[in-house]
J.: 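This is the structure I have questions about; it appears just below.
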Amino acid sequence: MGNQSNKNSFLIQGSILAFAGILVRVIGLIYRIPLNRILGDVGLGYYGTAFDFYNILILLSSQSMPLAVSKIISEKLQKRQFRNAHKVFKGALLYGTVIGVCFGLFLFLGADWIAYTVYKMPPVSIALRVLAPTLTVACILGVVRGYFQGMGNMVPTAVSQIFEQIVNAFVSILAAYELGAYGYTLSKVAKEAGVLKDSYAAAGGTLGTLAGALTALLFMFFIVWINKDIIKKRKKRDRTGIEDSYGTITKVILWTITPVLLSTTIYNIGNLLDNPIYQNIMVGIFHVNEKTNSASWGIYSGYYRLLTTMPIAIASSLSTAIVPSLVRSYTAKDQLAVKSKVTLAQKFSMLIAFPCGMGLSVLGGPINAMLFGSDINDTVVIMIFSVFTVVAFSLSTISNAILQGIDKLNVPIKNSAISLGIHLVILPILLIVFRLGIYAVVIGDFTFAMTVAILNSFSIKRYLGYRQEIQFTLVKPFICAGVMGIGCLVIYKLGMLLLPMNTTWTINVVSTIFAILIGVGIYGIVLIFTKTITEDELYAMPKGTVLIGILKKVHLL
């Protein structure tokens, strides 16, 4: 039992990150309610567009940093090369600082060109300049987080993410309101004043991102400082006699970060390229005006993508935790442990992805109306696609991490590149030939992610001799989620018909919350009843022993 617990410890660490990720996104949802209302659909479009380009630069500079650093650190620690592990940390800090400064300067100095030429939205330039310093902070922050993740400790990253989001929320709302008011006063001409208001409000919303990242970085350096004695003692325990030069360390960092960076960039850049492709086609071919275009993109980025990224974040958390864990097992040539972790990570991810995606598909419109006060009719159709997006991105995210964990760093690059090529052909066809508008972007997203997941599955089979488990990882969770989805929809409809409330909004809120709570119960019962999840798997999960005790008391196990 102890060995099994040790093998599945990445689930505990992954769950810590997942819990933090869920909390971060709950805070994000809460603060986006007033923020979205301050920005409005047009301001939200400017805000989302600024973040689209910022996210491209984050991909190129820092998003792969924690994973790459954690991979190198875990390899050194597995070999008990404690001095080299700390050298990697210091070398990566220098690398992250240089990269971050370069990208920050590029965004600051190139903001006008990006806004005018790439997106055809001049008001976005102010928000881009506000985001520029965040790139430098994010690069350094990624290195420090990767250092602790490589040691198998996800708690500092989790806590720093929570602090980061709290500060982000507070500053974003306050700055959006104050800068929006300032922008309005800059001109007496109504039309111009409206544009300036939306532009400055969007810039205020991005200011919170910088403030949050700075807070997280200060916290992580504080954690390094209080652990300095432990780090020194660990270095003294190094009996390997192996100490790499900084030149060797630099090569290791570059050879690890580069393929992870390329893989992460290609994997995510399709979604980020969607915006300029969509904007240019809609404006250049169909002559849709800027405000209408921005409003449509605001609904997609501010409602649909915001909600669907919450469950996908759980897969990302598991991915972060599984890489150092897989590295240790793969370096130790423990094939049984490697395959066990692959199965458990995929199944745990799908047990979350299917019900979350299904819930958003059947209740997406009501959830948006409850949170943001948006018209249900504006969002209900687009939210139907949620289950496909959530499942596809969860599968592709976890499978990318598996390949990186078994040292096949170039394989996700190839698979993502093939999928991106297909995506870049499909999206213009859906926009120009089928005239699907914003729905073309949604369909293109999940077809890209599913192509990556399928190609990765073949690669995992090839390199590990691993046979993909279908019934308990995909089929049964889908059936259980389907039963839950039907139950949620029925409960919601009954609530809307029978509840004696004064306003439609109040009826919607009560019906939606009640349907979600009943849905969680239905899903849990169906999982146990169909034996989709076993007692051993429950033990591997956080507080699994407590959960098993409760289930046995009520005779569900």
J.: side-chain hydrogen bond (donor to acceptor under 3.5 Å, both in side chains) between Ser301 and Tyr47: does it pass, once the steps are laid out?
T.: CA-CA 9 Å; Ser301 63; Tyr47 176 84; over 6 Å; no
J.: Hey, what do you get for CD1 (Ile72) to OG1 (Thr256), rounding to the nearest 0.5 Å?
T.: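 Between Ile72 CD1 and Thr256 OG1, I get 3.5 Å after rounding to 0.5 Å.
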J.: Looking at CG of Leu371 and OG1 of Thr512, how far apart are the two atoms once the value is rounded to the nearest 0.5 Å?
T.: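 With rounding to 0.5 Å, CG (Leu371) is 9.0 Å from OG1 (Thr512).
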J.: Check the pair Ser459 / Lys408 against side-chain hydrogen bond (donor to acceptor under 3.5 Å, both in side chains), numbers first and verdict last.
T.: CA-CA 9 Å; Ser459 298; Lys408 305 302 176 187; over 6 Å; no
J.: Ignoring hydrogens and geometry beyond distance, is a side-chain donor-acceptor pair present between Ser419 and Tyr267 at under 3.5 Å?
T.: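 Per modelled atom types, Ser419 and Tyr267 side chains form no pair under 3.5 Å.
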J.: Tell me whether the rings of Phe219 and Phe163 are parallel (<30°), tilted (30 to 60°) or perpendicular (>60°).
T.: perpendicular
J.: Inspect the surroundings of CZ in Phe388 and state if more than 12 heavy atoms from other residues, nucleotides or ligands are less than 6.0 Å away.
T.: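 Not buried by this count: 12 neighbours or fewer within 6.0 Å.
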J.: Run the side chain to side chain contact (heavy atoms under 4.5 Å, CB included) check on Thr209 and Tyr54 step by step: do they pass?
T.: CA-CA 11 Å; Thr209 307; Tyr54 165 79; 4.0 Å; yes
J.: Under the criterion side-chain hydrogen bond (donor to acceptor under 3.5 Å, both in side chains), I'd like the reasoning laid out for Ser160 against Glu164: C-alpha separation, chi angles, the key distance, then a yes or no.
T.: CA-CA 6 Å; Ser160 70; Glu164 180 178 4; 5.6 Å; no
J.: Are more than 12 heavy atoms, taken from residues, nucleotides or ligands other than Phe472, located less than 6.0 Å from that residue's CZ atom?
T.: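 It does: Phe472 CZ has more than 12 such atoms within range.
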J.: When you measure from the side chain of Asn55 to the backbone of Phe51, do you find a donor-acceptor pair of N or O atoms at a distance under 3.5 Å?
T.: yes
J.: Tell me, do Gln468 and Lys461 make a side-chain contact under 4.5 Å, heavy atoms counted?
T.: no
J.: Side chains of Tyr463 and Asp407: is there a donor and an acceptor less than 3.5 Å apart?
T.: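 There is no such pair between these side chains.
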J.: What is the distance from atom CD1 of Ile429 to atom CG of Leu424, rounded to the nearest 0.5 Å?
T.: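 With rounding to 0.5 Å, CD1 (Ile429) is 11.0 Å from CG (Leu424).
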J.: I'd like to check Met383 versus Val362 (side-chain heavy atoms, cut-off strictly below 4.5 Å). Are they in contact?
T.: no
J.: Could you check if a side-chain atom of Lys71 sits within less than 4.5 angstrom of a side-chain atom of Leu409, using non-hydrogen atoms only?
T.: yes
J.: Between CZ of Arg467 and CD1 of Ile470, what distance do you get to the nearest 0.5 Å?
T.: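 Here the interatomic distance stands at 9.5 Å.
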J.: Once you round to the nearest 0.5 Å, how far does OG of Ser340 lie from OH of Tyr466?
T.: 9.0 Å
J.: Determine, for Arg305 against Asp52, whether the closest basic-nitrogen to carboxylate-oxygen distance falls under 4.0 angstrom.
T.: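 Yes, Arg305 and Asp52 are salt-bridged.
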